[in-house]
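Position 1 is the first residue of the sequence, and the numbers go up from there.
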Amino acid sequence: MNFDYSDDQKMLKDEARKFLAAKCDAKVVRGVLDNADRAYDEGLWKGVAEQGWLGAAIPEEFGGLGLGHVELCGLAEELGRACAPIPFASTVYFVAEALMKFGSQEQKAKWLPKIAAGEVIGAFATSEGKGPVTARSIKTSVTGGKLSGEKIPVTDGDVADLIVVLAKDGLYLVEKGEGVSAEVLTTLDPTRSAAKLTFSGAPAERLGDEDGIAAMQAVFDRAAILLAFEQVGGADKCLEMAKAYALDRQAFGRVIGGYQAIKHKLADMYVKNEIARSNAYFGAWALNTDAGELPLAAATARVAASEAFWFASKENIQTHGGIGFTWEADPQLYYRRSRQLSLVAGAPATWRERLVSQLEMKNAA
């Protein structure tokens, strides 16, 4: 079985990398980081929509490109390399996937074309700020088509137009407006905003008939693989930055890359990155084919990618030495993003537990 990209998919990735190199350099990321009034880069969001990336995996009948999830994984990797400050993950990995998985024909026809065109930003609201999400922890409820409760934190909740909310009896679609208020939260990575959402009798529409926790986990499994590709892209960029600096910076008359301690750092980063990439590729296959191994592949990819990106971002700072800890240096951008991505859709500990449970189920079969 060949898990590599096809020639067409490699061309798509190459073009995406060129586009992001021109439209999303460190200045663009810092333009959001340094400005408290900006939650994302509007120009980049518009450009990504014009490229058709938001609809990469959305069927053509709903305004998308209909390329498939492998292509979307390739785009996610390039967005991760660029540390793109846009609500792509919340909108595409979570809301669009939830609509494609559980939405009715009418719901898909209404919302997916708007997502593909960049007219709608999405958010996926599950946590109520009290530890892992369980059936007992959910207080948000719907009565007579009106939803009430609080969700915190909600990634991109402050800028979302359409919110998929986990209530006691299932998932619901809620439009930003009547009965919805947002309070922006201070986080480690301001280039990916978060908010506390309060629902006070907000009009809500049921999304699918599945149990809420099961539906949430199904969306998380799909999103985890796409997030893993973002993390792999970010980890690769960290290794690239560290290597370039190690081959340029001199100490005691020689480049620091010639010292054993730096060589070991770079080698360890490379090994973790390759492990994460192989698991992400397995996840891409499972997602694209809707294979039975999807839950296992999602947990494996998520655990490996979270570890690789965190390690690479940390060692990138260490390789840069004293300058790596300064505001002017760029390694911080990737460290912030590594922390942010590791907490989306559940913390690493949650995914490690899920990985163990999936392996136990597989061995018991």
Side-chain angles (χ1 to χ4, degrees), residues 39-40 86-103 107 110-112 114-115 120-143 145-187 189-190 192-224 226-227 340-347 350-351:
Y40 67 100
I86 52 176
F88 192 93
S90 298
T91 304
V92 178
Y93 309 164
F94 289 91
V95 174
E97 287 296 321
L99 282 164
M100 289 190 288
K101 180 73 174 176
F102 299 114
Q107 289 170 333
K110 179 180 180 180
W111 292 111
L112 289 178
K114 294 181 180 180
I115 289 175
V120 165
I121 293 174
F124 199 69
T126 58
S127 173
E128 298 186 3
K130 300 176 181 179
V133 179
T134 64
R136 289 186 176 183
S137 71
I138 303 170
K139 305 302 180 184
T140 302
S141 61
V142 177
T143 303
K146 303 291 185 178
L147 185 142
S148 297
E150 293 182 349
K151 295 294 182 180
I152 180 173
V154 181
T155 304
D156 299 311
D158 53 323
V159 295
D161 306 294
L162 178 65
I163 309 159
V164 176
V165 184
L166 173 64
K168 288 183 178 181
D169 60 336
L171 296 179
Y172 285 84
L173 291 173
V174 177
E175 293 184 57
K176 180 71 71 64
E178 178 188 349
V180 183
S181 61
E183 176 187 345
V184 179
L185 303 175
T186 300
T187 66
D189 184 9
R192 291 299 309 278
S193 64
K196 173 184 177 181
L197 296 182
T198 302
F199 303 95
S200 305
E205 180 182 356
R206 184 68 184 263
L207 180 63
D209 300 321
E210 289 74 10
D211 168 76
I213 295 296
M216 177 196 73
Q217 190 59 61
V219 175
F220 276 6
D221 284 344
R222 305 175 77 80
L226 296 161
L227 290 169
Q340 189 271 333
L341 287 178
S342 71
L343 296 175
V344 176
T350 302
W351 284 99

| Heavy-atom closest contact (Ala160 atom, Gly122 atom, distance) | CB-C, 4.0 Å
| message | Once rounded to the nearest 0.5 Å, what's the spacing between atom CD1 of Ile138 and atom CG of Leu166? | response | 4.0 Å
| Rounded to the nearest 0.5 Å, what separation is found between the CG atom of Leu171 and the CG atom of Leu99? | 10.0 Å
| How would you list, by chain and number, every residue that makes a side chain to side chain contact (heavy atoms under 4.5 Å, CB included) with Ser200, sequence neighbours excluded? | Thr198
| Gap separating the NZ atom of Lys146 from the CD atom of Glu178, nearest 0.5 angstrom | 5.0 Å
| Side chains of Phe94 and Leu227 in contact at under 4.5 Å (non-hydrogen atoms) | yes
| remark: The side chain to side chain contact (heavy atoms under 4.5 Å, CB included) partners of Ala125 (sequence neighbours excluded) come to Lys151, Val154, Ile163, Val165
| said: Let me confirm one number: the CG-CH2 distance from Leu162 to Trp111, rounded to the nearest 0.5 Å. | reply: 4.5 Å
| request: Could you tell me the separation between the CD atom of Glu150 and the OG atom of Ser181, rounded to the nearest 0.5 Å? | output: 8.0 Å
| Any side-chain donor near an acceptor of the partner, Thr140 and Glu128, under 3.5 Å | yes
| Can you name the side chain to side chain contact (heavy atoms under 4.5 Å, CB included) partners of Thr155, sequence neighbours left out? | Ser90, Arg192, Gln340, Val344
| message | Asp158: which residues meet the side chain to side chain donor-acceptor pair (under 3.5 Å) condition with it, sequence neighbours left out? | response | Ser193
| request: Please name the pair of heavy atoms, one in Phe124 and one in Val164, separated by the smallest distance, quoted to 0.1 Å. | output: CE1-CG1, 3.4 Å
| query | If you take all heavy atoms of Gly179 and Ala202, which pair is closest and at what distance? | reply | O-CB, 3.7 Å
| note | Note: Arg206 and Gln107 closest approach over all heavy atoms is O-NE2, 2.8 Å
I'd like a table of donor-acceptor pairs (distance under 3.5 Å, sequence neighbours excluded) in which one partner is a side-chain atom from residues 209-220, with atom names and distances.
unit_1: Asp211; atom_1: OD2; unit_2: Ile213; atom_2: N; d: 3.2
unit_1: Asp211; atom_1: OD2; unit_2: Ala214; atom_2: N; d: 3.1
unit_1: Gln217; atom_1: NE2; unit_2: Asp221; atom_2: OD1; d: 3.0

| field | Check ion pair Glu175-Lys114 (N to O, under 4.0 angstrom) | value | no
| Do you know which two heavy atoms are closest between Pro153 and Ala194, and how far apart they sit? | CB-CB, 4.4 Å
| query | Quick one: ring-ring contact (aromatic ring centres under 6.0 Å, His included) partners of Tyr172, sequence neighbours excluded? | reply | none
| CG on Leu185 to CD1 on Ile152, rounded to 0.5 Å | 5.0 Å
| Pick one: which of Val95, Val159, Ile115, Ile86 meets side-chain contact (heavy atoms from CB on, under 4.5 Å) with Ile121? | Val159
| Which atom names give the shortest non-hydrogen contact between Ser127 and Val133, and what distance separates them? | CA-CG2, 3.8 Å
